[in-house]
There are 2 protein chains.
Amino acid sequence: MGMRIGELAARAGTTTRTLRYYEARGLLPARRGHNGYRTYDEDDLKLLRQIRTLQDFGFDLEETRPFVECLRAGHPEGDSCPASLAVYRRKLGELDALIGELQAVRAQVGQQLERAERARAELAADAEVPGGPEPVCELGGDHR
Amino acid sequence: MGMRIGELAARAGTTTRTLRYYEARGLLPARRGHNGYRTYDEDDLKLLRQIRTLQDFGFDLEETRPFVECLRAGHPEGDSCPASLAVYRRKLGELDALIGELQAVRAQVGQQLERAERARAELAADAEVPGGPEPVCELGGDHR
DNA sequence: GTAGCCCTTGACGCCGACGTCAAGGCAAGA
DNA sequence: TCTTGCCTTGACGTCGGCGTCAAGGGCTAC
């Protein structure tokens, strides 16, 4: 029934280093066999998968703790407890805020790009009038 | 006309440490006075403001380099050069990709939250039938 | 016995953009 | 002269989530 750290890591698609790190952080403690080896069971795999899923969502390790504790308290899902739901909600707020900021930045950068492109177009057009097209600025850009 | 590092930092709303860091990175070299003090002028302030603006947009320091070099080459704006426009475009792509990922995560987390809330609602409803409402799980959550 | 694989702990490395502290120099005002 | 305030260089600390290396122990197969 039990497995050692290498197998657990492989089954969760992660590394032994990561598991030891989680243990050091108190997130995924391990039992020890007679020889000092860490021993895990299927429940640990479930905990670990919960952590990894949330990590993939961009949750901090600390934010996964309520989910892990909820599972260890015997609940069917990591998000069966209010503390986990609270983390979900907080994360949604953070995501919305971040997405909003990034969209604002995206708009600003887009405007800057358009403005700069218009400025270069005007320079090019001006150059047509006097004495033929002259190069404007070739600092490292478009070549190749 | 010249100013020392403290004044430049204050006028740009940053710190002396930051300016020394930029200099170490070769981004904002400084002349030196007779006593070894760094000396800056209004052009340096302009360079610095360009860097800070881009940093606020989330650009890496290295990504600001083409803008700085463009200004130092005598162009009116940091984005008057093709290399700068290339950075703009690359950044737009990165932003779009990132925003897309975050929106996908947001949707997933939203679904998880709804599912978990429904599950709890069903548990609460089930509890109504037998012998009155019983507490479901109070691990650290909603209190206060 | 010995090769080979897995395990153990400990500890330093990484990345980016600085913060923070230490020890000392220069200039100006009281 | 002494204090005050700004300046200098150098170097270590921060944060998260591990990667990577070192030195050594355990167990199995041959």
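The chains referred to below are lettered A, B, ... by the order of the sequence lines, with proteins before strands, and numbering in each begins at 1. Atom set for the values below is all heavy atoms of this structure, side chains included, hydrogens, waters and symmetry mates excluded.
Comparing C/dC7, D/dG17, C/dG16 against the side chain of A/Y21 picks out D/dG17 as the nearest.
Summary of the strand contacts: A/Y37 and B/R17 both lie near DNA chain C, and taking for each the nucleotide with the nearest heavy atom, the more 5' one is attributed to A/Y37.
Phosphate proximity of D/dC18 to A/Q55: present, with a side-chain N or O under 4.0 Å from OP1 or OP2. The shortest distance between the side-chain N/O atoms of A/N35 and the OP1/OP2 oxygens of D/dC27 is below 4.0 Å. Under 4.0 angstrom from either OP1 or OP2 of C/dT20 there lies no side-chain N or O belonging to B/T15. Side-chain nitrogen and oxygen atoms of B/T39 include none within less than 4.0 Å of the OP1 or OP2 phosphate oxygen of D/dC7. OP1 or OP2 of C/dT8 lies within a sub-4.0 Å distance of a side-chain N or O belonging to A/R20. Regarding contacts with the backbone of D/dT9, a side-chain N or O of B/R32 is found under 4.0 angstrom from either OP1 or OP2. Contact annotation: A/Y22 does not reach the phosphate of D/dG17 (side-chain N/O to OP1 or OP2, under 4.0 Å). Contact check, B/H34 against C/dA27: a side-chain N or O comes under 4.0 Å of OP1 or OP2.
The distance from the CG atom of A/L61 to the CD1 atom of A/I51 is 7.0 Å, given to the nearest 0.5 Å.
Here the closest heavy-atom approach between residue B/D79 and residue A/A116 is recorded as O-CB, 3.6 Å.
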Could you go through A/Y40 and A/R11, starting from their C-alpha distance and side-chain angles, then the distance that decides it, and tell me whether this counts as side chain to side chain donor-acceptor pair (under 3.5 Å)? CA-CA 12 Å; A/Y40 303 91; A/R11 289 182 64 184; over 6 Å; no
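Residues satisfying the ring-ring contact (aromatic ring centres under 6.0 Å, His included) criterion with B/F67, sequence neighbours excluded, are B/Y88.
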